[in-house]
Amino acid sequence: MSKEDFTKTLTTTVRELSEQGALEGLYHHHKDGYPLPSGKILEDIAELVRAIIFPGYYGRSSVNMQTMEYHIGVNVEQLQKMLTDQVAAGLCFARQEREDGNGDGEQELPGIKQQAREIAINVIQRLPELRRILSTDVKAAYNGDPAARNYGEIISCYPVIKALVNYRLAHELLMMDVPLIPRMLTEMAHSETGIDIHPGATIGHHFTIDHGTGVVIGATCIIGNHVTLYQGVTLGAKNFTFDENGHPMDLPRHPIIEDNVTIYSNSSVLGRITIGHDTVIGGNVWVTDDVPPYSRIVQGEAATETRGKTTDSNDAKNT
């Protein structure tokens with residue numbers, strides 16, 4: 001290819017890639033003065049929260065009880081600044097998407113930053129409660145795995161704890177109507193651990209996922225306390241409701257998992273159904289109907305056992 005042909009090819013390709021029609025729905029119009037969310041900074045925020053929740057395991061290893069308040073104070077101050085900036089970027093991003101690049105956003109930026117600062121403070125005030133809940137998740141992982149030697153091994157090594165720190169932080173932000181940032185945080189954990197938890201899901205205390213790879217928890221899931229999942233479990237939607245324009249509606253469509261439920265590997269629980277408390281679902285089972293409490297559903301069996309009695313079930317079958 002001659003130099004002239006080479007230049008012509010590049011020019012034509014750039015022109016095609018820059019055409020408005022080819023960019024429809026794929027282009028974000030950035031407004032000068034508005035910050036953009038940063039994946040790298042959000043990764044740093046997640047690591048900082050892990051260091052605050054589990055000091056000594058993440059962040060500076062030299063921390064001790066004599067220096068604890070100092071180290072946490074420094075980390076919290078840094079978190080407040082970084083989180084304020086990223087929340088503001090998320091708010092700006094969502095506002096630009098709504099306005100489609102029109103309007104004078106510069107005049108609104110001080111108000112957005114003030115809103116972001118208040119949200120960051122509210123999240124930081126929730127950190128003691130997040131630590132309390134995450135401590136129950138650590139206990140659940142430890143008590144459910146005889147291979148674990150101590151809590152430190154759970155905190156340092158188990159992917160579920162890393163995924164849950166991101167999820168529980170992201171859930172708080174989502175409950176405060178922060179756009180984009182919560183989903184970015186959980187998708188970072190998804191990439192890191194293989195565990196995909198939507199920030200909109202509601203998850204109780206003493207929750208754990210053994211191994212973790214391939215677990216999917218949908219946006220409208222409600223999970224109770226003392227629930228254990230194994231690798232490959234999907235808590236997903238069976239179908240969608242569409243609006244008059246043919247777009248899927250964001251309605252409750254994922255399962256409700258009550259307390260003390262265990263779901264073993266590669267099982268799929270789909271639709272807005274309820275899995276009753278104290279139920280065990282075996283591996284490789286497909287569940288699309290409500291399951292009463294104290295049930296046991298195992299692949300290949302013709303029936304579901306409930307409180308020692310046997311009742312017919314279409315879900316207790318090979319998939």
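Along the sequence shown, residues carry numbers from 1.
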SB check K8 E4 (cutoff 4.0 Å): no

Please step through side-chain contact (heavy atoms from CB on, under 4.5 Å) for the pair D44 and L48, ending with a clear verdict. CA-CA 6 Å; D44 293 342; L48 200 55; over 6 Å; no

Who passes ring pair (Phe, Tyr, Trp, His ring centres under 6.0 Å) against F240, sequence neighbours left out? none

Residues at least two apart in sequence or cross-chain that pass salt bridge (charged side-chain N to carboxylate O under 4.0 Å, His left out) with D259, listed by chain then number, are none

If you apply the rule side-chain contact (heavy atoms from CB on, under 4.5 Å), what do you find for V160 with D137, and how did you get there? CA-CA 9 Å; V160 63; D137 300 332; over 6 Å; no

Can you see whether H277 engages N260 through a side-chain donor-acceptor pair at a distance of less than 3.5 angstrom? no

Distance-only side-chain donor-acceptor flag, E24 / Q20, under 3.5 Å: no

Value for CD1 (I281) from OH (Y230), rounded to nearest 0.5 Å, stands at 13.5 Å

Under 6.0 Å between ring centres: does that hold for F207 and H226? no

Tabulate below the donor-acceptor pairs under 3.5 Å that side-chain atoms of residues 84-94 make, not counting sequence neighbours, or state none.
residue	atom	partner	partner atom	Å
T84	OG1	Q80	O	2.7
T84	OG1	Q80	NE2	3.1
Q86	OE1	S38	N	2.8

Stepwise side-chain contact (heavy atoms from CB on, under 4.5 Å) test for V123 and L130: CA-CA 10 Å; V123 169; L130 290 186; 5.6 Å; no

Under a 4.5 Å cut-off applied to non-hydrogen side-chain atoms, are T208 and Y158 in contact? no

Does any non-hydrogen side-chain atom of T136 lie less than 4.5 Å from one of H206? yes

Under-4.0 Å salt bridge between E129 and R132: yes

Taking C-beta and beyond as the side chain, do F242 and H247 meet within less than 4.5 Å on heavy atoms? no

Side-chain heavy-atom pair L235, I223 within 4.5 angstrom cut-off: yes

For the residue pair Y142 and Y151, does the interplanar ring angle fall in the parallel (under 30°), tilted (30 to 60°) or perpendicular (over 60°) class? perpendicular

Can you confirm whether the side chains of R253 and N239 place a donor and an acceptor under 3.5 Å from each other? no

